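Treat the numbers as computed from the prediction; the structure is a model and nothing was measured. Side chains included, hydrogens not; waters and symmetry mates left out as well; all remaining heavy atoms used.
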Amino acid sequence: MKVRDLPRALGFVSAPREYPSDIQTLSLATDGEVRFARWQHPGEIRKTITQESVNAFRTLLREGDVALDIGAHTGDSTMPMALAVGPRGAVFALEPNPYVFKVLALNATLNPQTTRIVPLMFAAMPGDGEFEFE
């Protein structure tokens, strides 16, 4: 345990507050209905999935490709990537923040017929080691 974590461990500081998500059904012109969980953190900028973002990824990715989303957050880039590669492809989505990761993991389950997202609670760094995130 680190010294800075001692006040929380002793109960002097409360645990970080967790925020829920809500699931929206979005209608895309080409890809049809897509379900997407939005994190309800008060500082979160409202994210959405658009057909334009899916089409932009389709200029780089093809059906069946494998993609990597580093710093996936809640999956607002992961989802368009996953729609671009389809269920025969996969997107590995890395997000080290355990609070945000919960929403990403939920998003990975919402469209099983059209996407395959593998959420991983990891960070990508240039070297091995232990790192702290604020």
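- Residue pairs meeting the ring pair (Phe, Tyr, Trp, His ring centres under 6.0 Å) criterion with at least one partner in residues 7-27, sequence neighbours excluded, are Tyr19-His41.
- Counting heavy atoms from C-beta on, the side chains of Phe36 and Thr48 never come closer than 4.5 Å.
- Atom CE in Met125 sits 12.0 Å away from atom CG in Leu94 (nearest 0.5 Å).
- Linking ILVMFWY side-chain heavy atoms closer than 4.5 Å, directly or via other members, places Val54 and Met79 in a single hydrophobic cluster.
- Asp22 pairs by the side chain to side chain donor-acceptor pair (under 3.5 Å) definition with Gln24, Gln40, not counting sequence neighbours.
- Asp31 meets the salt bridge (Lys or Arg N to Asp or Glu O under 4.0 Å) test with Arg58; sequence neighbours excluded.
- Considering OG of Ser21 and CZ of Arg38, their distance stands at 11.5 Å, rounded to 0.5 Å.
- Cluster annotation: Ile49 and Trp39 are assigned to distinct hydrophobic clusters (Ile/Leu/Val/Met/Phe/Trp/Tyr, side-chain heavy-atom contacts under 4.5 Å, transitive).
- Atoms NZ and OG, from Lys47 and Ser53 in turn, are 13.0 Å apart once rounded to the nearest 0.5 Å.
- Leu68 and Val100 fall into different hydrophobic clusters, where Ile, Leu, Val, Met, Phe, Trp and Tyr side chains are chained together by heavy-atom contacts under 4.5 Å.
- Screening residues 60-74 for side-chain hydrogen bond (donor to acceptor under 3.5 Å, both in side chains), with sequence neighbours left out, gives Glu44-His73, Asp69-Thr78.
- When atom types are taken as modelled, the side chain of Arg35 and the backbone of Ile23 share no donor-acceptor pair closer than 3.5 angstrom.
- In this structure, Leu61 shares a hydrophobic cluster with Phe57, Leu60, Met81, Val85, Val91, the cluster being traced through Ile, Leu, Val, Met, Phe, Trp and Tyr side chains under 4.5 angstrom apart.
- In terms of heavy atoms, Thr59 sits closest to Ala56 at OG1-O, 2.5 Å.
- The shortest non-hydrogen separation linking Pro80 to Gly75 is CD-O, 4.3 Å.
- Linking Ile, Leu, Val, Met, Phe, Trp and Tyr residues whenever their side-chain heavy atoms come within less than 4.5 Å places Leu28 and Ile117 in a single cluster.
- Every pair passing side-chain hydrogen bond (donor to acceptor under 3.5 Å, both in side chains) that includes a residue from residues 88-116 is listed here, sequence neighbours excluded: Glu18-Lys102.
- Val118 and Phe122 fall within the same hydrophobic cluster, defined by Ile, Leu, Val, Met, Phe, Trp and Tyr side-chain heavy atoms under 4.5 Å apart, directly or through other members.
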